[in-house]
Amino acid sequence: QVQLVESGGGLVQAGGSLRLSCAASGRTFSTYVMGWFRQAPGKERDFVAGTSSSGRTTRYADSVKGRFTISRDNDKNVVYLQMNSLKPEDTAVYSCATSPYGNVRLMARDYDYWGQGTQVTVSS
């Protein structure tokens with residue numbers, strides 16, 4: 001069993017920044033892939049960013065490349081999502097998730113444990 005708790009969401013103006021955190025417990029954190037997904041009202045859950053177990057490999061959705069950065073601290077069991085140059089279209093509930101696979105996957109179905117999510121709202 002894995003527990004994931006996100007924090008750091010909030011309301012920010014367009015062009016601003018937020019840093020999301022996801023604290024993990026219940027499994028050896030350093031052995032599994034982590035991903036961030038987001039879901040806007042009335043839309044499907046979309047992949048945002050993912051990191052390999054070591055943190056050396058990362059993948060991003062095209063819509064966030066150059067603006068968002070995923071990182072992890074395996075000593076603290078935390079994965080981060082630094083979000084810069086935020087846009088109103090980034091507004092969504094952001095959730096972190098673990099994957100049992102050895103590489104970063106883009107589909108939500110390839111992730112097994114999920115946090116409850118944190119709301120990010122970007123005003124224009």
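All values derive from a computational prediction rather than experimental measurement. In this chain, numbering begins with 1 at the start of the sequence shown.
Cluster membership for Met34 and Val78, using ILVMFWY side-chain heavy atoms within less than 4.5 angstrom, is not shared. Grouping the Ile, Leu, Val, Met, Phe, Trp and Tyr side chains by contacts below 4.5 angstrom, directly or via other members, places Leu18 apart from Val93. One hydrophobic cluster, built from ILVMFWY side chains closer than 4.5 Å, cannot hold both Val48 and Val104; they sit in different ones. Phe47 and Val64 end up in different hydrophobic clusters when Ile, Leu, Val, Met, Phe, Trp and Tyr side chains are linked at under 4.5 Å.
Inter-residue side-chain proximity for Tyr94 and Gln39 is flagged as unmet; no heavy-atom pair is nearer than 4.5 Å. Val122 is not listed as a side-chain neighbour of Gln13, based on a closest heavy-atom distance of 4.5 Å or more.
Thr118 contributes a side-chain N or O that, together with a main-chain N or O of Gly9, makes up a donor-acceptor pair within less than 3.5 Å. Remark: side-chain polar atoms of Ser54 are paired, donor with acceptor, to backbone N or O of Arg56 under 3.5 angstrom. Using modelled atom types, no side-chain atom of Asp73 and backbone atom of Tyr80 make a donor-acceptor pair closer than 3.5 Å. No donor-acceptor pair under 3.5 Å is formed between the side chain of Gln119 and the backbone N or O of Gly10. With Ser99 contributing its side chain and Val33 its backbone, the two residues share no donor-acceptor pair below 3.5 Å. In this structure a side-chain-to-backbone donor-acceptor pair under 3.5 Å is missing from Thr91 to Thr121. With hydrogens and angles disregarded, a donor-acceptor distance shorter than 3.5 Å links the side chain of Glu6 to the backbone of Gly117. With Arg45 contributing its side chain and Arg38 its backbone, the two residues share no donor-acceptor pair below 3.5 Å.
Tyr111 does not carry Arg105 over the face of its six-membered ring by the limits of under 6.0 Å from the centre and within 45° of the normal. For the pair Arg72 and Phe29, the cation-pi criterion (under 6.0 Å, within 45° of the ring axis) is fulfilled.
Annotation for Ala24 and Tyr32: closest pair CB-OH, 3.7 Å, computed over non-hydrogen atoms. For Ala92 against Ala40, the heavy-atom pair with the smallest separation is CB-N, 3.8 Å. The two atoms that bring Val79 and Ser71 nearest to each other are CG2-O, 3.1 Å, heavy atoms only. The shortest heavy-atom contact between Arg59 and Leu106 is NH2-CD1, 3.6 Å. Minimum heavy-atom separation, Ser30 to Ser53: O-CB, 3.2 Å. For the residue pair Ser85 and Ser17, the shortest heavy atom distance occurs at N-OG, 4.3 Å.
Considering OG of Ser63 and CG of Asp46, their distance stands at 7.5 Å, rounded to 0.5 Å. Note that CG of Asn84 and CZ of Phe68 are 8.5 Å apart. Values are rounded to the nearest 0.5 Å. For the atom pair OG of Ser52 and CG of Asn103, the computed distance is 9.5 Å after rounding to the nearest 0.5 Å.
Here the two rings, on Trp114 and Phe37, have centers that are under 6.0 Å apart.
Ionic pairing of Asp90 and Lys87 is not present here: no N-O contact between side-chain nitrogen and carboxylate oxygen is shorter than 4.0 angstrom.
Judged by distance alone, the side chains of Gln3 and Ser25 do bring a donor and an acceptor atom under 3.5 Å apart.
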